[in-house]
Amino acid sequence: MELVCPAGSLPALKAAVDNSADAVYIGFKDDTNARHFAGLNFNDKKATKALEYATDRGVKVFVAINTYPQPEGWIRWQKAVDLAADLGVNALICADISVLDYARNTYPTLNLHLSVQGSATNYESLRFYQQHFDIKRAVLPRVLSLKQVQQVAIKSPVDLEVFAFGSLCIMAEGRCHLSSYLTDQSPNTCGACSPASFVRWQETSEGLESRLNDILIDKFQPNEKAGYPTLCKGRFEVAGTVYNTIEEPTSLNTIALIPQLSAIGIKAVKIEGRQRSPAYVAQVVSAWRQALNSYKTDPNNFTVKPHWQNELAKISEGTQTTLGAYSRPWQ
Amino acid sequence: MKLSLGPILYFWPKQQVYDFYQNIIDTPIDIVYLGETVCSKRRELNTDDWLELAQQLANAGKEVVLSTLALISAESELNSLRRICCNNSIIIEANDMAAVQLLSAQGVPFVTGPAINIYNGRSLSLLHQQGLKRWVMPVELSAHTLQSILTECVEQGIKDKVETEVFSYGYLPLAYSARCFTARFRHLPKDNCQFVCINYPDGILVNSQEKQPLFTLNGIQTQSGSVYNLINQIPSMQKMGIDIVRLSPQSHDMKQIINQYHAAIQGETVSLIANDNQCNGYWFAEPGINSCL
């Protein structure tokens, strides 16, 4: 399985490449990509350097142009596709059908991948994208159980990539408007979920409050570790009880599933985290590289080494990890 | 401008569903969307029951559309979808690209619901080429964006070939998950959910720790915690050329709401339905939770 790694900056890309990623995915410095954060991502100069660094070392570069353009922004998405094609990237990762259509018609030899934001959770959807836009690969949303991933894989007309590690988005990606409901910005429209510019921390007599656009997302006691106010990981009140109504702050970690994912025929595993530091990228990529190599060398005797898990646990949200939707009881 | 009744998003007992539709027969609703769109485990009515109900409503003069599941993740769900898409008589609302694929492959015209991501006129035009005849825009888009999309439709030459419907009343469908939040609230695993959704005919309200209504839990769906209501935007929607206004069923007062919307469409000045907990921010390009005058 190919190891696909995130890079929000050139140092992060170098960290991924130096730790033996098979492919690195990046985005441009605007709302054309679903990780649109201030100070991150690539302009054309940095992207050129990224391409040089990666391709010189035999590592592929994918570009995510995976938000949904509204009419007035179309020219930005068109230019992003043009720039990626000029750079000679190995694939574009797209979600919107007009972007896919433009890329297919303008650059017929450019590989297209369906982004997780395309929200295709079954093989009939994949057929649509394959037949109309000749996509070569699709990234599956993090809502399928392992058995469901298998059902998709058996009849999928394209290669499949699944999430391996990182923040756990528990809604079907591409079909979640919770962020825009509270802030007016969402992954689909602006490439951001629970955007940092709306976050406010406030020390009060009752504890540390985290707010998103002035709405209270969580309240932490002095002995608690305060998490980023991602709205779906907040503590809310339902019928008099306060709890993590939607999900606890935790990270997805599927290292234990490497044999099953490989047996199903999954072609690539994706590490989440273009917003993370180069050190984070280096740590995750290194652990996953070791795990994949270990599996490749001796597939019948694969065991998860404690030091991989320890390394990964240290950098997980709330230092917790989960198999997420891959494991049915989680659902 | 026509009035439509969207699919029931909650899990109601079979008799309640029948009573609900019996009650709307003599209302000025033009189009009725039927079927389960949220969770495939909700089977108070099976496909045959829905088809029979569709026939009854059609006989009563309503245009009927069958709505399909929004998040299709299992083989069994694809099998049900195939059955619905091959019914040969009733038009289908696709809420997942799987339905778009099945319907376009058969060359059958279809409607797309708000869970299909159409954010621009180019995408709309591409889907029109595949058979789309009506669409409901994603709920997070604004009037301004909708106007730009309609302008693009003129440029694409499809303005008169595609009907535009706007989700205008009800709890907004905001997200879909693998996890059932209603079961989680009741400390039940999804695989043994005991169909507890049936106890919450309008979902479960989620408040912030400061008692601010935020969301509504409805099985695997998360909805807004406030009722979206665009009744005072009817005149501007009429000017924009919106064809259909969609009301999303709630367990109470639907007749009154239908009548108020009908009156507004006829040009009467209608005061807002008395309910503090309303929102309309999305329409004004603000956070959806906001309430703008």
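The sequence lines fix the lettering, A, B, ..., with proteins before strands; numbering per chain opens at 1. Computed from heavy atoms alone, side chains included, the values below leave out hydrogens, waters and symmetry copies.
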Query raised in the report: Ion pair present between Arg82(B) and Glu124(A), side-chain N to carboxylate O less than 4.0 angstrom?
Result: yes
Report the option among [options] that has the most heavy-atom pairs separated by less than 4.5 Å from atoms of chain A.
| options | answer |
| --- | --- |
| Leu81(B), Thr145(B), Asn117(B), Val139(B) | Asn117(B) |
| Ala115(B), Pro189(B), Gly281(B), Ala285(B) | Ala115(B) |
| Gln212(B), Glu140(B), His144(B), Glu77(B) | Glu140(B) |
| Lys211(B), Arg184(B), Gln130(B), Glu152(B) | Arg184(B) |
| Leu124(B), Ile118(B), Val206(B), Ile204(B) | Val206(B) |
| Ala70(B), Cys279(B), Ala183(B) | Ala70(B) |

Using non-hydrogen atoms and a 4.5 Å limit, figure out which bit of [X] sits close to chain B: side chain, backbone, both or neither.
| X | value |
| --- | --- |
| Trp330(A) | both |
| Ala120(A) | neither |
| Glu72(A) | side chain |
| Pro69(A) | both |
| Thr189(A) | both |

So which part of [X] gets closer than 4.5 Å to some heavy atom of chain A, the side chain, the backbone, both or neither?
| X | value |
| --- | --- |
| Leu102(B) | side chain |
| Phe185(B) | both |
| Leu172(B) | side chain |

Query raised in the report: Backbone N or O of Gly203(B) within a donor-acceptor pair of the Asn218(B) side chain at under 3.5 Å?
Result: no
Query raised in the report: So which of Thr245(A), Val152(A), Leu231(A), Leu144(A) has the biggest tally of heavy-atom pairs under 4.5 Å with chain B?
Result: Thr245(A)
Query raised in the report: Hey, which of Arg142(A), Lys147(A), Glu247(A) has the most heavy atom pairs under 4.5 Å with chain B?
Result: Glu247(A)
Indicate every side-chain donor-acceptor pair of residues 233-243 of chain A with a distance under 3.5 Å to a residue at least two apart or in another chain.
| unit_1 | atom_1 | unit_2 | atom_2 | d |
| --- | --- | --- | --- | --- |
| Lys233(A) | NZ | Leu168(A) | O | 3.0 |
| Arg235(A) | NE | Asp218(A) | OD1 | 2.7 |
| Arg235(A) | NE | Asp218(A) | OD2 | 3.3 |
| Arg235(A) | NH1 | Glu224(A) | OE2 | 2.8 |
| Arg235(A) | NH2 | Asp218(A) | OD1 | 3.2 |
| Arg235(A) | NH2 | Lys219(A) | O | 3.0 |
| Arg235(A) | NH2 | Glu224(A) | OE1 | 3.3 |
| Arg235(A) | NH2 | Glu224(A) | OE2 | 3.3 |
| Glu237(A) | OE1 | Asn207(B) | ND2 | 3.0 |
| Glu237(A) | OE2 | Gly240(A) | N | 2.6 |

Report task. May I ask you to check whether over 12 heavy atoms, not counting those of Lys79(A), lie within 6.0 Å of atom NZ? Result -> no
Is there a side-chain contact between [X] and [Y] in this structure, where contact means two heavy atoms from C-beta onward sitting under 4.5 Å apart?
| X | Y | value |
| --- | --- | --- |
| Leu182(A) | Pro287(B) | no |
| Arg122(B) | Trp77(A) | no |
| Val227(B) | Tyr171(B) | yes |

Query raised in the report: Which pair of non-hydrogen atoms, one from Leu78(B) and one from Ala98(B), has the smallest distance, and what is that distance?
Result: CD2-CB, 4.0 Å
Query raised in the report: Which pairs pass side chain to side chain donor-acceptor pair (under 3.5 Å) with one or both residues in residues 93-105 of chain B, sequence neighbours excluded?
Result: Asn122(A)-Asp96(B), Ser125(A)-Asp96(B), Gln131(A)-Gln101(B), Arg175(A)-Asp96(B), Ser67(B)-Glu93(B), Glu93(B)-Asn95(B), Glu93(B)-Arg246(B)
Query raised in the report: Under the side chain to side chain donor-acceptor pair (under 3.5 Å) criterion, do Asp30(A) and Thr32(A) qualify, and how do the steps go?
Result: CA-CA 6 Å; Asp30(A) 60 16; Thr32(A) 61; 2.6 Å; yes
